[in-house]
Amino acid sequence: MPFALSPERDRELAEILSRYPNRQAACIPMLHLCQEQNGWVSDEVVEFVARTLELPSAHVLGVVTFYTLFNQQPVGRHQVWVCRTLSCALRGSDELLRHCEKKLGVHAGETTKGGEVTLRTAECLASCGTAPMMQIDKNYHENLSIAEVDRLLDRLLAGG
Amino acid sequence: MLQRTQHLTKLYGVAEGHRIEAYERVGGYVQARKALATTQSAVVDEMKKANLRGRGGAGFAAGVKWSFMKPHATKPAYLVVNADEGEPGTFKDRTLMERDPHRVVEGCIIGCFGIGAHAAYIYVRDELHLSKERLWGAIREARAKGYLGAKPFGRDYPVEVYVHTGAGAYICGEETSLLNSLEGKRGEPRLKPPFPAQVGAFGCPTTVNNLETIAAVPTVFELGGEAFSKLSALHHLGDGGCRLYGVSGHVKTPGVFEAAVGVTLRDLIYDLGGGISDGGELLAVIPGGSSCPVLLPHETVSAPDEKSPLHAWHGKSVLDVPMGVDTFRALGTMLGTCCAIVLSDKVCPLAAMQNLMHFYRHESCGQCTPCREGTGWLDRLVTKLLAGEGTLDDLDRIHEIASNIMGNTICAFGEGASMPTLGFVRKFRRHFEDHVAGKPCAAGGRLHA
Ligand SMILES: Cc1cc2nc3c(=O)[nH]c(=O)nc-3n(C[C@H](O)[C@H](O)[C@H](O)COP(=O)(O)O)c2cc1C
Ligand code: SF4
Ligand code: FES
């Protein structure tokens, strides 16, 4: 099935295109828009973006593979990123990550069997003063303790 | 010298401080209105007097950068604001976007006028969802008031501000990589020259400024350029104003603080940061984001030459030198983003270095062989040494690889990865040798007590 944006997102795309002097500049915002709807950037999404922006698909694919936030395969309903970089590591992010792996029964980079959560590590998320921290979907959770992480993961696993 | 100020942060902690009502209550948009009633060259002159050194890491004078922008016969000009904030240890720009986004918008209006642009793109890393939301909210509010759009403050000088987002790549903080990313391409840095002032966004003359640099612009005009500069203890070195300082890692009260330029690392760690946490002692401090070579507390300044910017601190501890662009360069490190990472003596410096090498290996864009291959080798070698499986030859090899990256790459990422590497191996030589000899430090590879 060819991919298409919902009418609402289609209107948003028109607004995005109005911000730039050419169509190519909308490539990254448009990929975000598509990923929001589809969960990941499939071949159909690449084709759709290429066609809409009048770009070669190879260009769009090149962009997708360059940036870590574009999912090149399906992911869980929620995404959890544990920051692993120095300021967080100095405040216990290692332990946090190990705890997440144990509780979710997956390694970083994997998705839980029920498809609830994809666990990942992230490089510095500009939250070093409130380390350790993790990002769940669009939200930051800072100054974390193991107990707090438990509470957050329980909510995700329960489908919250 | 610690001189707290409250210019950039006056709305921090104020309820609804991100709304236009709060911003206008504390004098917001008065400066943009005034600036737009003057001339472009008057704006640039004021910025030059302010000695506002770029807050993004390289410390280039913002007024001078703005003066490079020359009108082009056919091409428009652009202001691009760098809010990619990805340098490990750096978390200051985010606070401005979340808590005082109108200050950024006002800075963009004055900036656009100063450089002859009619559009500003604020490039925010995608993960900062609240920052993007707050910036868009501020743009909408300013537009509704007529401060943005066809006639800001009634003057016939259209200005639009847009938020653009990346998709997770540290290298997009490098200005030419950022421009490629803005244009919808892979975020690979471009060769310079041409510089952005000649060929920037969409092939047009462009100024790229860090977000804090732009957020400081309204304050420059509120105080006047010269008075702004004189806030600083380093006014005489052309390093003016106030700025945001960050401190993270092993301190009791990590956070972002505003003060006049001239704060020392001792002020930052022991006063603002509340001292070393967990009952440890200071082992080392990375002064301004991970690309700045590490400093140790027992190091002293050697600057017998009267012409050195450091001469006044000759013989003193490096912790007592005011943090400035030129003072820290003369110390053999960098001021960077002015956000320090503090390590206590309960942790292993090899583990800290390994953590950062993993970062650089992951974030190299891969265009230049010395950087792509070198960062991989550095990560593998330090990992091996950390595991106690390394030799003294490996230590020499680290030195050789890092030296081969420097000066042989398209962008400054290469130096950003190799300079801290050389700093770690030189300053922690004994720790490395102990690991090789099978007698690692008590922390035994740990980063967290
Ligand atoms: C690898 C690398 C990463 C960078 N990351 C950032 C960043 O996240 N934010 C930023 O403002 N500048 C960053 N810079 C510096 C920019 O290239 C540029 O110098 C800066 O945005 C200019 O603004 P300023 O003059 O106002 O400081 C980076 C530079 C390099 C080499
Ligand atoms: S130095 Fe590294 S990050 Fe910069 S262009 Fe070369 S490979 Fe890319
Ligand atoms: S190191 Fe984790 S947010 Fe910066």
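In the text below, chain A, chain B and the rest are named by the order of the sequence lines, each starting its count at 1.
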Exercise. Charged N to carboxylate O below 4.0 Å: is that the case for A:Arg9 and A:Glu12?
Worked result: no

For this session: Count the heavy atoms belonging to other residues, nucleotides or ligands that lie under 6.0 Å from NE2 of B:His362, then report whether that count exceeds 12.
Result: no

Exercise. Can you say whether B:Ile341 sits under 4.5 Å from chain A via the side chain, the backbone, both, or neither, judging by heavy atoms?
Worked result: side chain

Exercise. Checking heavy atoms, do the side chain of A:Gln35, its backbone, both or neither come under 4.5 Å from chain B?
Worked result: neither

Exercise. Does B:Arg94 come within less than 4.0 Å of A:Glu142, counting only side-chain N to carboxylate O?
Worked result: yes

For this session: Run the salt-bridge test on A:Lys138 and A:Glu36 with the 4.0 Å N-O cut-off and return the result as yes or no.
Result: yes

Seminar exercise, completed: From the list B:Val342, B:Val251, B:Thr253, the residue making the most non-hydrogen contacts under 4.5 Å with chain A is B:Val251

Exercise. Contact part of B:Cys172 toward chain A, heavy-atom cut-off under 4.5 Å: side chain, backbone, both or neither?
Worked result: side chain

For this session: Among A:Cys124, A:Pro29, A:Ala131, single out the residue with the greatest number of heavy-atom pairs under 4.5 Å to chain B.
Result: A:Cys124

Problem set entry | Which atoms of B:Val256 approach chain A - backbone, side chain, both or neither, heavy atom under 4.5 Å | neither

Exercise. Hey, are the side chains of B:Ile171 and B:Cys365 touching, using non-hydrogen atoms and a 4.5 Å cut-off?
Worked result: yes

Exercise. Which atoms of A:Arg23 come close to chain B, meaning under 4.5 Å heavy atom to heavy atom: side chain ones, backbone ones, both, or neither?
Worked result: neither

Exercise. Taking the inter-plane angle between the rings of A:Phe48 and A:Phe3 on a 0 to 90° scale, is it parallel (under 30°), tilted (30 to 60°) or perpendicular (over 60°)?
Worked result: perpendicular

Exercise. Does the pair A:Asp94/B:Arg446 count as a salt bridge with the N-to-O cut at 4.0 Å?
Worked result: no

For this session: Check each atom of A:Asn22 against the heavy atoms of chain B and say whether the ones under 4.5 Å are side chain, backbone, both or neither.
Result: side chain

Seminar exercise, completed: Under 4.5 Å to a heavy atom of chain A? For B:Glu160 that would be neither

Problem set entry | Toward chain B, the part of A:Tyr20 with a non-hydrogen atom under 4.5 Å | both

Seminar exercise, completed: Applying a strict 4.5 Å limit to non-hydrogen atoms, the region of B:Tyr170 in contact with chain A is neither

Exercise. Tell me, side chain or backbone of B:Thr90 under 4.5 Å from chain A's heavy atoms, or both, or neither?
Worked result: backbone

Problem set entry | Interface moiety of B:Val161 toward chain A, non-hydrogen atoms closer than 4.5 Å | neither

Problem set entry | Proximity breakdown for B:Arg125 and chain A, heavy-atom pairs closer than 4.5 Å | side chain

Problem set entry | Heavy-atom proximity to chain B below 4.5 Å, by part of A:Glu123 | both

Exercise. Are B:Tyr121 and B:His164 close enough that their ring centres sit under 6.0 Å apart?
Worked result: no

Exercise. At a heavy-atom separation under 4.5 Å, does A:Ala89 approach chain B through its side chain, its backbone, both, or neither?
Worked result: both

Exercise. Does A:Glu15 CD have over 12 foreign heavy atoms under 6.0 Å away?
Worked result: yes

Problem set entry | Distance flag, aromatic centroids of B:Tyr245 and B:Phe257, threshold under 6.0 Å | no

Problem set entry | Selection from B:Pro76, B:Gly187, B:Cys339 maximising heavy-atom pairs under 4.5 Å formed with chain A | B:Gly187

Exercise. What part of B:Ser181 is in contact with chain A, defined as an atom under 4.5 angstrom from a non-hydrogen atom: side chain, backbone, both or neither?
Worked result: both

For this session: Please tell me if the side chains of B:Cys204 and B:His72 come closer than 4.5 Å, counting only heavy atoms from C-beta onward.
Result: no

For this session: Answer with side chain, backbone, both or neither: which region of B:Tyr162 has an atom nearer than 4.5 Å to a non-hydrogen atom of chain A?
Result: side chain

Problem set entry | Selection from A:Gln135, A:Glu95, A:His32, A:His59 maximising heavy-atom pairs under 4.5 Å formed with chain B | A:His32

Seminar exercise, completed: In terms of heavy-atom pairs under 4.5 Å with chain A, the winner among B:Lys185, B:Glu363, B:Glu85 is B:Lys185

For this session: Decide if atom CD of A:Gln72 counts as having more than 12 heavy atoms of other residues, nucleotides or ligands within a radius under 6.0 Å.
Result: yes

For this session: Decide, yes or no, whether a salt bridge links B:Asp278 with B:Lys346 under the criterion of side-chain N to carboxylate O below 4.0 Å.
Result: no

